[in-house]
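Encoded as C-alpha cells, the structure appears first; notes follow it.
All heavy atoms count here, side chains included; hydrogens, waters and symmetry mates do not. Within every chain, numbering begins at 1; the chains are lettered A, B, ... in the order of the sequence lines, protein sequences first and strands thereafter. As the structure is a prediction and not an experimental result, all values here were calculated from the model.
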Amino acid sequence: MSVDLSLDYFALFGLPCRFRLDEATLDHAWHTLQTEVHPDRHAHLPDGSDRRNAMAGALRVNEAYTALKKPLTRAQYLLELAGMGSDVINANVMAPEYLFEQLQWREAVEEARGTNDIDALEQLALRLQIQKGGVVEQLAVQLDDQRDLDAAADTVRRMMFLDKLRQDIDNVLAAFDG
Amino acid sequence: MALLQIAEPGQSAAPHKHRLAVGIDLGTTNSLVATVRNGIAVCLTDEQGRAIMPSIVHYRDGGGIELGFDAMSTRVSDPRNTIVSVKRFMGRGIKDVTHIEAMPYVFEETPGMVRLRTVQGSKSPVEISAELLRALRKRAEASLGGELTGVVVTVPAYFDDAQRQATRDAARLAGLHVLRLLNEPTAAAVAYGLDNASEGVYAVFDLGGGTFDLSILKLTRGVFEVLATNGDTALGGDDFDHRLYCWALDHARIDPPSAEDARRLLMAARAVKELLTVCEEAPFRLRLDSGEEVDLTVTRADFFEMTRALVQKTLAPVKRALRDAGLSPRDVKGVVMVGGATRMPHIQRAVAEYFGQEPLTNLDPDRVVALGAAMQANALAGNRREDDSWLLLDVIPLSLGLETMGGLSEKVIARNATLPVARAQEFTTFKDGQTAMSFHIVQGERELVADCRSLARFELRGIPPMAAGAARIRVTFQVDADGLLSVSALEASTGVEASIHVKPSYGLTDDEIAGMLRSSLEHASDDLTARALREKQVEAERLLEACAQALAADSELLDEAERTTIDALIARLRQLVTGHDANALSDAIAALSRATEDFATRRMNRSLSKALTGHNIDEL
C-alpha cells in the first residue's frame, strides 16, 4: 500500500471510499498517522524543512479527519469527489415538503426561545438528534447502495439545515448556562 | 534540518545524550518546576526543600528584587511594589481585569496590555512573569547541573491568543527555549492517565488561583485526545478570597481600606478560606493600620452561601464543554480535580453532584500540572523511550474569525478544532478598483466583533484594480500546536501576499523583547554572539546526526547525483561546525536542509505507508 499526503482523505487513512464508516477504525488510523507527523514528534529537531514537512502532514491529516468524522462533511466530501461542489449542492431546489418541515422546526425553536423554555429546547434537540439519525441512514443508502448523487445532494441540504438548527439551539442553551 | 528521524519518531537519535528539559507550571498563586528523573516525574525544590514558589515579585526601592517566599513579607509593608497574581494581567487590557478596585497597584493606561508602575519604573506583566520564570530556571539548572535544552510552560486551556503570546514572550525574556505551551488540564490528564493506565472519557476540573478550565479528554491506547474545552480565565480561588473580603468589610463596617489594609484583609480572607476546608468555622480577626478592628467568625455555611454564585459559575463551562463534545455527564468515567481551589468542600460536592460520582483527588492538585508538563518536556526534548510513546491531541479553545461588513465576526476556525489546524477562506473586493483590503482578526464565540477579543489588524495592499467581486483573496489561518495563530492573505490572480504573526494588539514586538533582553542586568554579562554560535553548533550537530541516521536507513530513496550533493554538503558542514563563523555555519545548515527536503518528503511518505501497512483495513 502506498500512502502519501496528496491522496484523497479516504486513501490517506487506508479506508474504502464510501459513506458507511466505522468510527473506531477512523480514529485508530488518525492516531496512527498523527503518531508519525504530529509536531510533538519533531519538537526536538531544529527548525527546518523536516519540521515544516511534518507540520504540513499533521495539518493534512487533521483536515482529513475532520472532514470524515462527521456524516454531513463526509457526505459533502464524497459528493465533491464525484464532481459536485458546494455551489452545485446549494443550487438544488428544495422540495416543498422539506421547506415546510424546516418552517415548522424554526417556529418550534423560536417559540421555546421566546418563552425561555429550556426543557422544550432540550426536547427539540433530542428530536432533532433522532431525525438526524434517519437522515444519516438515508444518505448511506443513497451514496453507497443506490449511487444516486442527486438524491444524496438533496439529503445533504436537509442535513445542513438540521445541523444549523442544532447549532442555534446549542447557542441558546449555552447562553442559559451562564 | 531536513531529515525526519522516522525510524523512531520522537525518540532521541542518540539516546545516551539525555537532554535537560523541565515542565513549568506558571500559576496565579504558586509556580513549580518539574523534571523526569530516571523515568519518574519529580518536582524540583529550593534549598529548603520546598517545591512551591509563591508567584510574588517584590521590586525593592533602590534596585533589586525579591521573589517567592522571600517576597511574602512585603505584601503588606510594600503592597504597591509587591506583585501577586500577575497572571491575571497577562495579555489583558485594564478593562478586562476584575476586582481592580481591591488591588493596591498603580495601573498605567497603555494600549494593549496593562502595565504596573513600580518603584523601579513601569513593568509589563510579561517582564514580571519573566522574573518568576528566571528564578525557576535557576533552580532547575542548579538542580540538574547544566543548561536547559528546553521547557514546556503550561497555560490555562481557555487562554486566548494574546494571553498565550504573553506567556511565550515571558519565557523568551527569561532566556528559556519553549518546546511547547501546554494546556494545564491536558498536562494534568497526562500525569493522571500515565500513572493510572486509564482508558475512556475523563473530565479535568481545574480551578486554580485565578483561572478555571474544564477539559473533556478521551484516553485510548496512549493517545490523549481533547474532545472539548471551556473555562473562565477570570475565575479562581482569588475570587473566593475577594467575596470573604467584601463580606468582612460589610460586617465589620469598615471604611474603604488603605492599600496596606486591603492586602492584609485579603490575606486574612485566604487564611479563613483555607481553614474552612478542614474546620466548620474560622475566626476572621485582625487589627488594621487605621486602628479599626475586625473580629468576626465565619461558618462554613456562611462561606458556602456567599460563594454559591461562584460555584455555580464553574458549572456553566462544564455544561458547555460536555455539549460541545456531544456527551452527557453519565459518559464521563472519572473527574480529575486540579488546582488548590478544588480542595474546597463545596466545590467537590457540586462536582460530585453534577457528574453523579466522587471526583478523583488522589494526585496532589498543586503539583499534577507541573508533573504532566515535565513528562511532555521530556518527550519533546527527545528523551522518551520507545515503549513510552504517547501522543497529545489538543484543541483550540475559542473560535477565530475575521470582521466582515456590519461588524460581524465570520468564523474561520471553530473552537475545539484539533491542533495543528489550518483553514483558508476566500474573500473578494466590494468596490470597483479597490486596491487594498484590511483584515481584523478576532477571537471568541460572539456574533459581534465588539464582543470578541481583537487580536490583530493587517492590510493587503497592491491588489490590481478590478471590478468589484473579481479579486480572489485567500486568507489562511494557521494555529500551531501551542495554540498560536498566524495569518496570511494572498490575492490569487497576482500573487500579492501579506502575512502576519498575530501579536501587535496585545503582544510585544520582537524589538521590544530584544530591548528588554539588552536592558536586563541578568543578561548584560551574557555574550549574545557566543550564545548564537553555540546554538548554531548544536543545530548543526543535530542535523548531521539526523542525516547520518536517515542515510543509513533509507539511502536507496536517493539517486546518485542527489547523494553526491548531500555528501558534499555534509562534509562542508562538518568542517564549519568546529569553527567560529556563525553566519557561514547558518548558511551551511540551510543549504543541507534545502538539499535534503525532497528526501525528507519521500521518507515521510514511506513511513506513513509503513505505519498503515501491517494493519489491514478491517483491523485498523
Side-chain angles (χ1 to χ4, degrees), chain A residues 1-7 11-16 22 24-63 65-66 69 125 129 166-167 169-171 173-178, chain B residues 1-6 9-10 12 19 149-150 179-180 220-221 223 225 313 315-317 319-320 323-324 376 379-382 389 391-393 417-422 445 478 480-481 538-539 542-543 546 589-590 593-594 596-597 600-601 604-605 607-609 611-613 615 617-618 620:
Chain A
M1 179 171 42
S2 145
V3 180
D4 75 62
L5 296 177
S6 60
L7 289 175
L12 184 65
F13 292 122
L15 296 168
D22 176 45
T25 310
L26 174 67
D27 281 357
H28 189 218
W30 179 47
H31 293 165
T32 307
L33 291 185
Q34 278 297 1
T35 301
E36 299 294 318
V37 293
H38 194 276
D40 282 0
R41 295 288 163 159
H42 308 281
H44 61 295
L45 305 176
D47 279 334
S49 60
D50 71 323
R51 271 175 68 166
R52 281 200 298 277
N53 250 322
M55 183 67 169
L59 290 170
R60 175 83 180 164
V61 168
N62 277 344
E63 173 189 304
Y65 176 72
T66 309
K69 190 171 76 165
Q129 198 60 30
R166 175 60 196 253
Q167 220 173 32
I169 294 177
D170 281 355
N171 286 343
L173 286 173
F176 280 121
D177 291 341
Chain B
M1 122 121 38
L3 296 163
L4 286 166
Q5 294 177 306
I6 275 163
S12 167
R19 301 193 174 111
T149 313
L179 294 165
R180 183 73 72 240
T220 358
R221 282 170 296 206
V223 179
E225 182 193 345
K313 228 175 150 183
L315 290 180
K319 289 179 194 163
R320 289 179 192 151
R323 190 177 300 119
D324 282 351
Q376 171 78 334
L380 294 182
S389 89
L391 180 69
L392 299 187
L393 296 169
T418 304
L419 300 176
V421 61
E445 307 312 317
Q478 183 173 320
D480 64 18
V538 172
E539 191 179 338
R542 282 198 219 155
L543 177 58
I589 291 170
S593 297
R594 264 196 312 277
T596 47
E597 226 161 82
T601 309
M604 161 135 70
N605 288 339
S607 107
L608 287 180
S609 37
L612 283 178
T613 41
H615 316 277
I617 284 160
D618 302 330
L620 263 181

- request: Rounded to the nearest 0.5 Å, what's the gap from CG on Asp480(B) to CG on Leu59(A)? Could you check?
  value: 9.5 Å
task: Answer with side chain, backbone, both or neither: which region of Val37(A) has an atom nearer than 4.5 Å to a non-hydrogen atom of chain B?
output: side chain
- prompt: Considering only heavy atoms from C-beta outward, does the side chain of Leu393(B) approach that of Trp30(A) to under 4.5 Å?
  reply: yes
Distance-only donor-acceptor check, side chains Asp40(A) and Gln376(B), under 3.5 Å: yes
field: Distance, nearest 0.5 Å, that separates CZ of Arg320(B) from CG of Leu173(A)
entry: 11.0 Å
query: How long is the gap from CD on Glu597(B) to CZ on Arg52(A), to the nearest 0.5 Å?
result: 5.5 Å
- prompt: Where on Glu445(B) is there a heavy atom nearer than 4.5 Å to chain A: the side chain, the backbone, both, or neither?
  reply: neither
- request: Grab the two heavy atoms, one from Asn62(A) and one from Pro420(B), that are nearest each other, plus how far apart they are.
  value: ND2-O, 2.9 Å
Proximal component of Val421(B), with respect to chain A [non-hydrogen, under 4.5 Å]: backbone
query: Based on non-hydrogen pairs under 4.5 Å, which of Thr220(B), Thr418(B), Thr149(B), Asp324(B) is most in contact with chain A?
result: Thr418(B)
- prompt: When only pairs under 4.5 Å are counted, which of Met55(A), Glu63(A), Arg60(A) shares the most heavy-atom pairs with chain B?
  reply: Met55(A)
query: Leu419(B), Leu179(B), Leu391(B), Leu315(B): which one forms the most heavy-atom pairs within less than 4.5 Å of chain A?
result: Leu391(B)
task: Sort His38(A) into side chain, backbone, both or neither according to what part of it lies under 4.5 angstrom from a heavy atom of chain B.
output: side chain
message: Quick check for you: to the nearest 0.5 Å, what is the distance between Leu392(B) atom CG and Gln34(A) atom CD?
response: 11.5 Å
